[in-house]
Amino acid sequence: MKRTLFLSIFSLFLISTNTILSQTEFPSFISNNMVLQQQTEAPIWGWAEKGMKIKIQCNWEDSEYFAIADDTGKWQTKVKTPEAGGPFTITVNEDTIENVLIGEVWICSGQSNMKWELEKSIGGLEEIEKANYPEIRLFYAARQIGDKPQDDCYGNWVECTPKSASSFSAVAYYFGKKLYKELNVPIGLIHTSWGGSPAQAWVKEEIMKSDPDYQIYYDRQKKNELKAKPGILPLSQYSPSRLYNAMIHPLIPFAIKGAIWYQGESNRSEAILYEKLFPTMIKNWRDDWQQGNFPFYYVQIAPYNYNVPVEGALLRDAQRKTLSVPNTGMAVTMDIGNPNDIHPRNKVDVGERLALWALAKDYGKERIVFSGPLYNSIKSEGNKARIYFDYIGSGLMAKGEELTHFEIAGSDKIFYPAKAAIDGKTVLVKSEEVDNPVAVRYAFHNTDEPNLFNNEGLPASSFRTDDWIIVTDKSEISSNYQTEQNQFLVKIKTNTNSSEIRYTLDGTMPNQNSYLYDKAFSVSGPVTITSRVFVNKVPSVYVAQCEILQHKATGKKATYINKYSDKYSGGGEFALVNSMKGSDDFTDGFWQGFEGDDLEVIVDLEEELKISTVSIGCLQSIGAWIFFPKTLQIEVSKDGSNFEKVAQVTNNISKREEGDILEIFEAKVNNTSARYIKIVAENVGVCPEWHPGAGGKAWIFIDEIIIE
């Protein structure tokens with residue numbers, strides 16, 4: 001009886017063991033509901049017991065495929081895929097992979113603009129209701145970091161439904177939908193992205209470490225390691241190679257048609273290096289996939305108000321130059337961005353513009369115009385420059401009466417705003433300031449939203465025809481009112497020791513013949529001071545300008561009831577009475593900001609005077625949570641204790657008005673006699689419910705109190 005029991009238990013053990021040994025494991029993306037690339041030899045792989053024989057059968061054909069698990073337990077083979085269709089099943093030993101479609105597979109990667117969910121994009125909620133496409137399959141790879149190459153990632157294939165599409169990449173969704181509608185074949189989208197990630201995080205470590213130009217990224221990583229607390233591994237989505245290890249390497253060599261990419265914002269401060277790094281990344285992926293120079297289409301970053309002048313434009317130019325890499329394409333977004341929001345909500349046009357490249361280049365839709373005008377060459381013609389373009393479609397057009405955002409320069413390398421006009425298939429550019437032009441730039445500032453298109457409605461990319469060193473050093477102008485002299489003492493500074501500062505007093509652009517700043521100087525208002533840094537005679541692209549006025553509040557004491565934010569002090573307690581007006585850049589140092597609070601300040605004129613108007617300069621930039629005040633209220637007093645309300649102005653400009661808007665709020669006070677003037681600018685309090693920062697504290701920004 002004991003022997004019988006033992007044999008029974010042993011038999012069960014053998015059955016159990018045999019079951020375990022016969023099991024195979026697969027990476028997460030070789031699973032039910034997946035899409036395999038059509039008409040190719042698609043790799044299928046997994047893991048099993050060492051030496052196990054693996055038999056693969058695909059029900060779209062009679063052939064059988066075999067593999068044997070190696071010493072590490074990994075096995076791999078390739079199966080021939082037919083034309084698009086399905087659903088099919090794949091049997092691997094005793095396991096069955098079901099609901100498999102054959103179609104077109106694309107990798108969708110990048111940073112937050114690729115990650116941006118459909119539900120958060122313009123029209124996304126309406127689109128989600130219609131997102132029933134069983135033949136579009138979605139794989140959303142979980143965000144993971146790897147200190148070494150990983151074999152698998154977390155995720156699963158699902159059919160496109162309103163539920164699955166809502167949190168999926170909006171750009172990838174619209175790209176896939178456009179392909180599906182045009183081709184009528186199954187589409188597989190593998191979404192692997194991470195917000196804020198730089199390109200170096202997506203490149204293999206051996207490549208990064210083999211090139212001394214990329215040592216800068218490891219130097220940063222070393223600093224992070226030195227700062228890290230004991231027991232903490234200081235790795236993140238910013239670390240070199242860590243996203244390649246965990247979110248690209250596991251996918252290789254799954255058969256794909258190509259890749260789409262939306263990234264660049266996190267590399268904007270290193271545009272010159274990005275010119276090399278981005279093509280390096282593309283080559284890295286292609287080499288590792290071993291599927292040839294597969295299509296790689298990417299999005300050029302949109303206009304945005306970065307803190308450093310032209311750094312966004314330089315990154316866009318690096319992306320434009322990457323078109324020299326074979327089988328690449330670029331979707332331009334100069335017309336669909338938001339200078340005050342780094343995450344433009346229009347993802348429909350982005351995805352569809354990427355799809356145009358694929359349809360034209362990879363799917364035989366030869367009549368499609370798939371790109372807007374791209375700079376080709378320049379030719380000087382007397383006092384004009386002629387610009388030639390590729391991809392003009394059926395012709396060039398300006399959206400508006402005149403072309404905008406062109407600049408032109410002579411041999412002195414100083415760029416001036418230029419007149420531009422379409423002349424057939426070219427654009428002629430000229431300026432009264434430049435007799436012999438040698439270079440042209442188009443939309444080469446961070447927030448430029450230009451208007452050159454082809455007739456098919458696709459925008460031209462920003463470009464520059466020169467390869468000159470670009471200086472971004474910033475000069476800052478400040479002044480103090482000198483009561484006895486009735487003048488302003490002006491100081492200009494920059495943090496670059498090797499540079500020189502040139503300035504003008506009439507608002508014109510400084511050049512090498514302008515005044516050289518060497519010490520503080522005095523001026524009487526009104527005057528417009530313009531300054532610019534020069535490094536080895538190369539002018540900075542940043543121009544500082546300050547308009548100095550003189551009025552009854554100039555240099556007088558201002559007492560704050562509500563104190564300004566330390567983040568935006570504008571220069572301190574005299575910022576609103578220093579007679580210096582701010583620009584439309586709220587970071588220029590002249591603006592004083594109040595977060596969630598009203599401006600409430602009392603100006604002491606030191607004697608009783610007759611006044612007729614009181615005004616304040618205000619800025620609205622809703623992308624930065626800055627709104628115009630609801631009202632401006634003026635109260636006056638002769639003793640500083642008893643105040644009488646004499647005027648109120650209500651803001652009539654919409655809170656939805658986008659862009660950087662300057663406005664003077666002026667109150668008429670009818671020759672009132674007073675010594676003390678109380679100015680109250682009422683904050684809207686919190687961002688409206690339609691705003692991305694809904695419920696958060698709103699700002700008001702004030703640059704000068706003017707009393708006349």
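The shown structure was predicted, so the numbers you read here are calculated from the model rather than taken from an experiment.
At a threshold of 4.5 Å between non-hydrogen side-chain atoms, the residues Val684 and Trp699 do not count as touching. Within the 4.5 Å cutoff, the side chain of Asp435 has no heavy atoms near those of the Asn383 side chain. Looking only at side-chain heavy atoms (C-beta outward), Lys630 and Asn683 stay at 4.5 Å or farther from each other. Side-chain contact between Ile387 and Thr465 is present, with at least one heavy-atom pair separated by less than 4.5 Å. The shortest side-chain heavy-atom distance between Phe488 and Ser522 does not fall under the 4.5 Å cut-off. At least one side-chain heavy atom of Ile492 sits under 4.5 Å from a side-chain heavy atom of Ser531. In this structure, the side chains of Lys556 and Ile707 stay at 4.5 Å or more apart for every pair of heavy atoms. Counting heavy atoms from C-beta outward, Leu619 and Asp703 have side chains that stay 4.5 Å or more apart.
When all heavy atoms are compared, the tightest approach of Thr530 to Pro510 is O-CG, 3.4 Å. When every heavy atom of Leu452 is checked against every heavy atom of Phe406, the shortest pair comes out as CD2-CZ, 4.2 Å. The two residues Gln319 and Gly264 come nearest to each other via the heavy atoms NE2-CA, 4.3 Å. Smallest separation of non-hydrogen atoms from Pro539 and Lys413: CG-O, 3.6 Å. Across every non-hydrogen atom of Phe444 and Ile470, the tightest pair is CE2-CD1, 3.7 Å. When every heavy atom of Asn446 is checked against every heavy atom of Glu311, the shortest pair comes out as OD1-N, 3.1 Å.
Formation of a donor-acceptor pair under 3.5 Å by the Thr333 side chain with backbone atoms of Gly337 is not found in this model. Ser540 places a side-chain N or O within donor-acceptor distance of the main-chain N or O of Val471, the cut-off being under 3.5 Å. Panel note: side chain Asn346, backbone Val348; a donor-acceptor pair is recorded below 3.5 Å. In this structure, Lys347 contributes its side chain and Pro344 its backbone to a donor-acceptor pair below 3.5 Å. Not a single donor-acceptor pair under 3.5 Å links the side chain of His445 to the backbone N or O of Thr447. Put simply, the side chain of Ser266 gets close to the backbone of Gly196: a donor and an acceptor are under 3.5 Å apart. Asp598 places no side-chain N or O within 3.5 Å of a backbone atom of Glu600 that could act as its donor or acceptor partner. Panel note: side chain His691, backbone Ile622; a donor-acceptor pair is recorded below 3.5 Å. Judged purely by atom type and a 3.5 angstrom limit, Asn536 has no side-chain atom pairing as donor or acceptor with the backbone of Val538. A donor-acceptor pair is defined here as one N or O able to donate and one able to accept, closer than 3.5 Å; no such pair exists between the side chain of Asn224 and the backbone of Pro234.
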Check the pair Tyr274, Asp317 against side chain to side chain contact (heavy atoms under 4.5 Å, CB included), reporting the backbone distance first and the verdict last. CA-CA 10 Å; Tyr274 196 80; Asp317 213 47; over 6 Å; no
Step-by-step side chain to side chain contact (heavy atoms under 4.5 Å, CB included) determination, Ile700 to Phe628: CA-CA 6 Å; Ile700 54 173; Phe628 283 139; over 6 Å; no
Checking salt bridge (Lys or Arg N to Asp or Glu O under 4.0 Å) for the pair Glu657/Lys655: CA distance, chi angles, key distance, verdict? CA-CA 6 Å; Glu657 194 75 29; Lys655 287 193 282 290; over 6 Å; no
Pair Phe627-Phe701, ring-ring contact (aromatic ring centres under 6.0 Å, His included): steps then yes or no: CA-CA 8 Å; Phe627 297 85; Phe701 269 59; over 10 Å; no
Determine whether Tyr503 and Arg532 satisfy the following criterion, side chain to side chain contact (heavy atoms under 4.5 Å, CB included), listing intermediate values before the conclusion. CA-CA 6 Å; Tyr503 69 95; Arg532 192 174 200 173; over 6 Å; no
Evaluate the criterion salt bridge (Lys or Arg N to Asp or Glu O under 4.0 Å) for residue pair Lys115 and Glu117; output intermediate values, then yes/no. CA-CA 6 Å; Lys115 177 184 175 295; Glu117 296 90 342; 3.2 Å; yes
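Counting only N and O atoms by type, the side chains of Glu595 and Ser565 include no donor and acceptor under 3.5 Å apart. Side-chain contact, Asn113 with Glu265: a donor N or O sits under 3.5 Å from an acceptor N or O. Between the side chains of Asn451 and Thr404, a donor-acceptor pair is found at a separation under 3.5 Å. Between the side chains of Gln592 and Ser569, no donor-acceptor pair of N or O atoms lies under 3.5 Å. If you check the side chains of Glu635 and Gln633, you find a donor sitting under 3.5 Å from an acceptor. Using modelled atom types, one finds no donor on one side chain facing an acceptor on the other under 3.5 Å when comparing His405 with Glu449. Side-chain N/O atoms of Gln263 and Gln111 include a donor and acceptor closer than 3.5 Å.
From Cys618, atom SG reaches atom CZ of Phe665 across 5.0 Å, with rounding to the nearest 0.5 Å. How far CD1 of Ile634 is from NZ of Lys668: 12.5 Å, rounded to the nearest 0.5 Å. To the nearest 0.5 Å, atoms CZ (Arg464) and CG (Asp466) are separated by 5.0 Å. Of the inter-residue distances, the one linking Ile548 atom CD1 with Ile529 atom CD1 reads 3.5 Å to the nearest 0.5 angstrom. Here the SG-NZ distance, from Cys687 to Lys697, works out to 12.0 Å after rounding to the nearest 0.5 Å. Note that the NZ atom of Lys474 and the OG1 atom of Thr494 stand 10.0 Å from one another [nearest 0.5 Å].
Surrounding CD of Glu401 are at most 12 heavy atoms belonging to other residues, nucleotides or ligands under 6.0 Å away. With a 6.0 Å radius and a threshold of 12 heavy atoms from other residues, nucleotides or ligands, Leu226 has its CG atom above the threshold. Open room surrounds CD on Glu573; 12 or fewer heavy atoms of other groups in view lie less than 6.0 Å from it. Annotation for Lys430: atom NZ does not count as buried by contact number, only 12 or fewer foreign heavy atoms lying within 6.0 Å. The environment of Tyr560 atom OH is dense: over 12 non-hydrogen atoms of other residues, nucleotides or ligands sit within 6.0 angstrom. Annotation for Lys563: atom NZ counts as buried by contact number, over 12 foreign heavy atoms lying within 6.0 Å. Counting non-hydrogen atoms of other residues, nucleotides and ligands closer than 6.0 Å to NZ of Lys678 gives a total above 12.
With sequence neighbours left out, Asp341 forms a salt bridge (charged side-chain N to carboxylate O under 4.0 Å, His left out) with Arg345.
Aromatic ring orientation, Phe643 versus Tyr676: perpendicular (interplanar angle above 60°, classes split at 30° and 60°).
For the pair Lys120 and Trp116, the cation sits on the ring face: its NZ or CZ lies under 6.0 Å from the ring centre, inside 45° of the axis. Judged by the 6.0 Å and 45° rule, Lys399 forms a cation-pi pair with Phe453.
Ring centroid separation for the pair Trp194 and Tyr238 does not come in under the 6.0 Å cut-off.
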